[in-house]
Amino acid sequence: MFDYEWGVIHPTLMITTRSVMRGFKRYAQHRTPDGVSDELYQYGRHDLGWYAFSDHWLDSLEDLLAMFHGDDYPQRMQPHNFGDHNFVIELLDGEVIHDQPRPFTGRGGVKLVNFIARREGMEQTAFAASWNGDYAENLRRIAASGLVKRAVLNTQLPLDAATFTGTLFEMGGVQTYAGTEELWFADLADLRSYLKVVDDDHDTAKVKQELVDADRSFSMVVVERVVWDYTADQPPPRPAVENPKSLEALLLHQEKPWGRWNTIEPAHD
């Protein structure tokens with residue numbers, strides 16, 4: 001039932017909610033496949049066995065706040081609560097470290113996503129400098145060998161948990177991880193080979209030891225579904241709900257506020 005709620009109903013609500021489509025430039029879903037062995041989870045699985053996550057691309061945090069405080073999002077999206085209350089929310093800024101001439105995203109294969117906790121006592125600014133410096137250079141060098149199709153490093157940005165008060169996300173942990181690492185592979189065999197290369201790479205091991213609290217970090221091996229991407233060279237069509245003469249816009253106009261669905265309305269000609 002989760003896959004149906006998350007994979008069918010949730011995106012359908014999103015593309016028929018104007019503020020969502022104004023705010024989110026790209027939306028992707030990730031789901032763990034069955035039968036992946038534990039050794040492919042570089043930092044181990046999360047203790048709660050998390051098996052799904054989404055990423056939402058925004059131009060600015062203000063776009064998210066406008067969505068939360070608008071007219072349509074609270075009424076249409078807020079009640080669709082279908083997941084567990086144990087989750088995390090990260091506001092991140094990403095950099096593509098390595099890619100193909102045609103970006104390798106939404107093109108099959110598998111992803112390794114590492115959620116990185118910084119070492120005890122290290123400030124976020126120091127983490128970010130090394131993460132986007134020495135660590136990025138080592139990753140770029142290893143990725144050039146051909147095993148990695150695409151690599152992205154994301155760094156935590158400041159975010160106040162109060163941002164999510166009154167929304168679907170207020171139960172989640174906010175800004176738990178200093179950064180995330182996204183690595184795309186053609187298949188599990190290439191992922192396995194990559195992990196062997198990384199384990200044997202002295203420079204990478206040295207930087208990781210300085211940066212990462214491995215015990216508080218975790219990994220996810222996932223398949224990726226790009227639901228829409230308006231940052232792509234060939235973006236999809238704009239949603240029909242933005243056309244006031246569309247059936248979707250008419251449906252939205254007919255929706256009533258909560259508690260008024262069974263209210264008798266005045267007759268009109």
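Atom set for the values below is all heavy atoms of this structure, side chains included, hydrogens, waters and symmetry mates excluded.
- When atom types are taken as modelled, the side chain of R238 and the backbone of M21 share a donor-acceptor pair closer than 3.5 angstrom.
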If you look only at distance, which donor and acceptor atoms sit under 3.5 Å apart when one is on a side chain in residues 143-152 and the other is two or more places apart or in another chain?
from, atom 1, to, atom 2, distance (Å)
S145, OG, I142, O, 2.7
R150, NH1, D99, OD2, 2.5

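- The two residues A240 and S246 make their nearest non-hydrogen contact at O-OG, 2.7 Å.
- When all heavy atoms of R45 and D38 are compared, the pair lying nearest together is NE-OD1, 2.7 Å.
- Other residues, nucleotides and ligands contribute only 12 or fewer heavy atoms inside 6.0 Å of the CG atom of D71.
- The shortest distance between side-chain heavy atoms of V20 and Y27 does not fall below 4.5 Å.
- Of the possible donor and acceptor atoms, none in the side chain of E90 sits under 3.5 Å from a partner among the backbone N and O of Q156.
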Quick one: do H98 and L139 satisfy side-chain contact (heavy atoms from CB on, under 4.5 Å)? Show the steps, please. CA-CA 9 Å; H98 174 79; L139 176 58; over 6 Å; no
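- Of all the heavy atoms in M67 and G23, the pair that sits closest is CE-CA, 3.9 Å.
- Residues I15 and L250 fall into different hydrophobic clusters, defined by Ile, Leu, Val, Met, Phe, Trp and Tyr side chains chained together at heavy-atom separations under 4.5 Å.
- Residues satisfying the salt bridge (charged side-chain N to carboxylate O under 4.0 Å, His left out) criterion with D213, sequence neighbours excluded, are R216.
- In terms of modelled atom types and a separation under 3.5 Å, the side chain of S219 and the main chain of N114 share no donor-acceptor contact.
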Quick one, L40 with L188, criterion side-chain contact (heavy atoms from CB on, under 4.5 Å). Give me CA distance, side-chain angles, the key distance, then yes/no. CA-CA 8 Å; L40 296 185; L188 292 174; 3.9 Å; yes
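- A continuous path of Ile, Leu, Val, Met, Phe, Trp and Tyr side chains, each step under 4.5 Å between heavy atoms, connects I9 with M14, placing both in one hydrophobic cluster.
- A salt bridge is absent between D63 and R22: the closest approach of a Lys/Arg side-chain nitrogen to an acidic carboxylate oxygen does not fall below 4.0 angstrom.
- Applying the ring-ring contact (aromatic ring centres under 6.0 Å, His included) test to pairs two or more places apart or on separate chains, those with a residue in residues 187-212 are F185-Y194.
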Yes or no on side-chain contact (heavy atoms from CB on, under 4.5 Å) for I116 and Y43, after CA distance, side-chain angles and deciding distance? CA-CA 9 Å; I116 303 299; Y43 292 96; 3.6 Å; yes
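- At most 12 heavy atoms of other shown residues, nucleotides or ligands fall within 6.0 angstrom of atom CG in D233.
- Here the side chains of L247 and L251 are not in contact, with every heavy-atom distance at 4.5 Å or above.
- L112 and I97 fall within the same hydrophobic cluster, defined by Ile, Leu, Val, Met, Phe, Trp and Tyr side-chain heavy atoms under 4.5 Å apart, directly or through other members.
- Sorted by first then second residue, the ring-ring contact (aromatic ring centres under 6.0 Å, His included) pairs that include residues 204-224, not counting sequence neighbours, are H46-F218, W50-F218, F115-F218, Y177-F218.
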Verdict with reasoning, E181 to L153, per side-chain contact (heavy atoms from CB on, under 4.5 Å): CA-CA 5 Å; E181 179 179 28; L153 290 184; 3.7 Å; yes
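- Counting non-hydrogen atoms of neighbouring residues, nucleotides and ligands closer than 6.0 angstrom, the NZ atom of K256 exceeds 12 such neighbours.
- For R260, the salt bridge (charged side-chain N to carboxylate O under 4.0 Å, His left out) partners two or more places apart in sequence, or in a different chain, are E265.
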Could you list the donor-acceptor pairs under 3.5 angstrom formed between side-chain atoms of residues 127-134 and any protein atom two or more places apart in sequence or on another chain?
from, atom 1, to, atom 2, distance (Å)
W131, NE1, N154, O, 3.2
N132, OD1, T155, OG1, 3.3
N132, ND2, A128, O, 3.0
N132, ND2, T155, OG1, 3.1

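- For the residue pair D72/T17, the side-chain donor-acceptor check at 3.5 Å is not satisfied.
- Hydrophobic clustering, with ILVMFWY side chains joined whenever heavy atoms are under 4.5 angstrom apart, groups F24 together with V8.
- What you find for A117 and S217 is that their closest heavy atoms are N-OG, 2.9 Å.
- By the salt bridge (charged side-chain N to carboxylate O under 4.0 Å, His left out) test, E248 pairs with no residue at all, sequence neighbours left out.
- With hydrogens and angles disregarded, no donor-acceptor distance shorter than 3.5 Å links the side chain of R76 to the backbone of E255.
- With side-chain heavy atoms closer than 4.5 Å counting as contact, directly or through intermediates, V223 stands alone and belongs to no larger hydrophobic cluster.
- In this structure, L183 and L191 have side chains that are not in contact, with every pair of non-hydrogen atoms separated by 4.5 Å or more.
- Under the rule for a salt bridge (charged side-chain N to carboxylate O under 4.0 Å, His left out), the partners of E39 that lie at least two apart in sequence or sit in another chain are R192.
- Here the side chain of E224 pairs no donor or acceptor atom with the backbone of R107 at under 3.5 angstrom.
- Taking 4.5 Å as the limit, some side-chain heavy atom of T32 sits within range of a side-chain heavy atom of Y41.
- Aromatic ring orientation, F2 versus W6: parallel (interplanar angle below 30°, classes split at 30° and 60°).
- The side chain to side chain donor-acceptor pair (under 3.5 Å) test applied to H30 returns K111, not counting sequence neighbours.
- Rounding to the nearest 0.5 angstrom, the gap separating the CG atom in L64 from the NE2 atom in H69 is 8.5 Å.
- Sorted by first and then second residue, the salt bridge (Lys or Arg N to Asp or Glu O under 4.0 Å) pairs with a member in residues 139-148 read E95-R140, E137-R140, R141-D201; sequence neighbours excluded.
- Cluster membership check: M122 does not share its hydrophobic cluster with L157, using side-chain heavy-atom separations under 4.5 Å among Ile, Leu, Val, Met, Phe, Trp and Tyr.
- The backbone N or O of G70 lies less than 3.5 Å from no partner atom in the side chain of S19, so there is not a single donor-acceptor pair.
- Of all heavy-atom pairs between H56 and S54, the closest is CE1-CB, 3.6 Å.
- By the 4.5 Å heavy-atom criterion applied to side chains, V226 and T105 are counted as neighbours.
- The hydrophobic side chain of W57 is isolated, with no ILVMFWY side chain under 4.5 Å apart from it.
- The shortest non-hydrogen separation linking P11 to V227 is CB-CG1, 4.2 Å.
- A distance of 10.0 Å separates CD of Q29 from CG of D55, quoted to the nearest 0.5 Å.
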